[in-house]
> 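Have a look at the structure that comes next, please.
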Amino acid sequence: MQERPVALCHSHELVDGGPAVAFDLVYAGQTCRAFAVRFRGGVHAYLNRCTHVGMELDGQPGRFFDDSGRWLLCHAHGAAYHPDSGACAGGPCRKGLVKIQVSEADGVVRWHTAYNLQPLEF
Ligand code: FES
């Protein structure tokens with residue numbers, strides 16, 4: 001199955017260290033929440049599924065960064081992830097977040113499908 005880009009949001013909607021933009025996709029056959037953030041200029045997207053016990057990370061919708069803007073934090077039990085790789089940085093996470101490839105061009109951010117990541121209408 002060929003990878004293809006899917007429009008996610010306008011570039012200006014993602015502010016460095018600021019609120020995330022949420023989107024839905026199908027991951028391994030299940031509808032899942034996902035999110036995109038901007039960190040140090042780059043856009044990064046992940047499944048919104050903590051690797052501790054599978055909860056969504058944001059207690060308040062769209063709020064994933066800690067107060068320092070350095071870590072993505074799970075509100076449930078404090079797992080911390082590196083914003084640019086999704087790797088576990090501390091707390092009870094078991095492994096890194098599931099990363100979704102993104103690209104940004106002409107003021108538009110797009111996420112990229114993969115064998116296990118498909119748009120809802122697919
Ligand atoms: S579910 Fe995220 S830290 Fe427990």
Side-chain angles (χ1 to χ4, degrees):
M1 200 172 293
Q2 201 168 348
E3 177 195 299
R4 69 182 171 102
V6 180
L8 198 168
C9 66
H10 293 287
S11 292
H12 67 78
E13 293 176 68
L14 288 171
V15 178
D16 226 283
V21 170
F23 60 105
D24 293 325
L25 45 64
V26 177
Y27 172 68
Q30 279 191 315
T31 300
C32 287
R33 306 282 290 157
F35 67 98
V37 292
R38 191 179 296 282
F39 180 68
R40 297 184 178 160
V43 177
H44 305 276
Y46 303 99
L47 281 192
N48 189 356
R49 185 185 283 180
C50 184
T51 61
H52 178 213
V53 290
M55 292 177 67
E56 294 188 358
L57 282 83
D58 52 334
Q60 295 173 41
R63 186 178 160 90
F64 291 83
F65 280 106
D66 70 340
D67 289 340
S68 74
R70 255 200 93 195
W71 309 108
L72 298 175
L73 209 59
C74 180
H75 80 286
H77 316 103
Y81 298 92
H82 290 275
D84 50 359
S85 67
C88 180
C93 36
R94 297 166 196 265
K95 55 186 178 174
L97 297 172
V98 174
K99 192 164 176 63
I100 300 163
Q101 295 305 315
V102 293
S103 59
E104 185 171 23
D106 303 321
V108 177
V109 175
R110 295 175 175 85
W111 68 273
H112 293 247
T113 64
Y115 76 97
N116 58 352
L117 294 167
Q118 295 296 325
L120 290 184
E121 75 274 15
F122 190 78

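As the structure lists them, so they are numbered: ligands from 1, and atoms in each ligand from 1.
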> How many angstroms lie between CD in Glu13 and CZ in Arg38, if you round to the nearest 0.5 Å?
10.5 Å
> Looking only at the side chains, is there a donor atom on one of Glu3 and Thr113 sitting less than 3.5 Å from an acceptor on the other?
no
> What protein N/O/S atoms are found closer than 2.8 Å to atom 2 (Fe) of ligand 1?
Cys50 SG, Cys74 SG
> Measure the distance from the SG of Cys74 to the SG of Cys93 and say whether it is below 2.5 Å.
no
> Run the side-chain donor-acceptor check on residues 53-63: report pairs under 3.5 Å with partners two or more places apart or on a different chain.
unit_1: Asp58; atom_1: OD1; unit_2: Asn48; atom_2: ND2; d: 2.9
unit_1: Asp58; atom_1: OD2; unit_2: Gly62; atom_2: N; d: 3.0
unit_1: Arg63; atom_1: NH2; unit_2: Asp67; atom_2: OD1; d: 2.6

> Is the distance between the ring centroids of Phe35 and Phe64 less than 6.0 Å?
yes
> Please step through side chain to side chain contact (heavy atoms under 4.5 Å, CB included) for the pair Gln101 and Arg110, ending with a clear verdict.
CA-CA 9 Å; Gln101 295 305 315; Arg110 295 175 175 85; over 6 Å; no
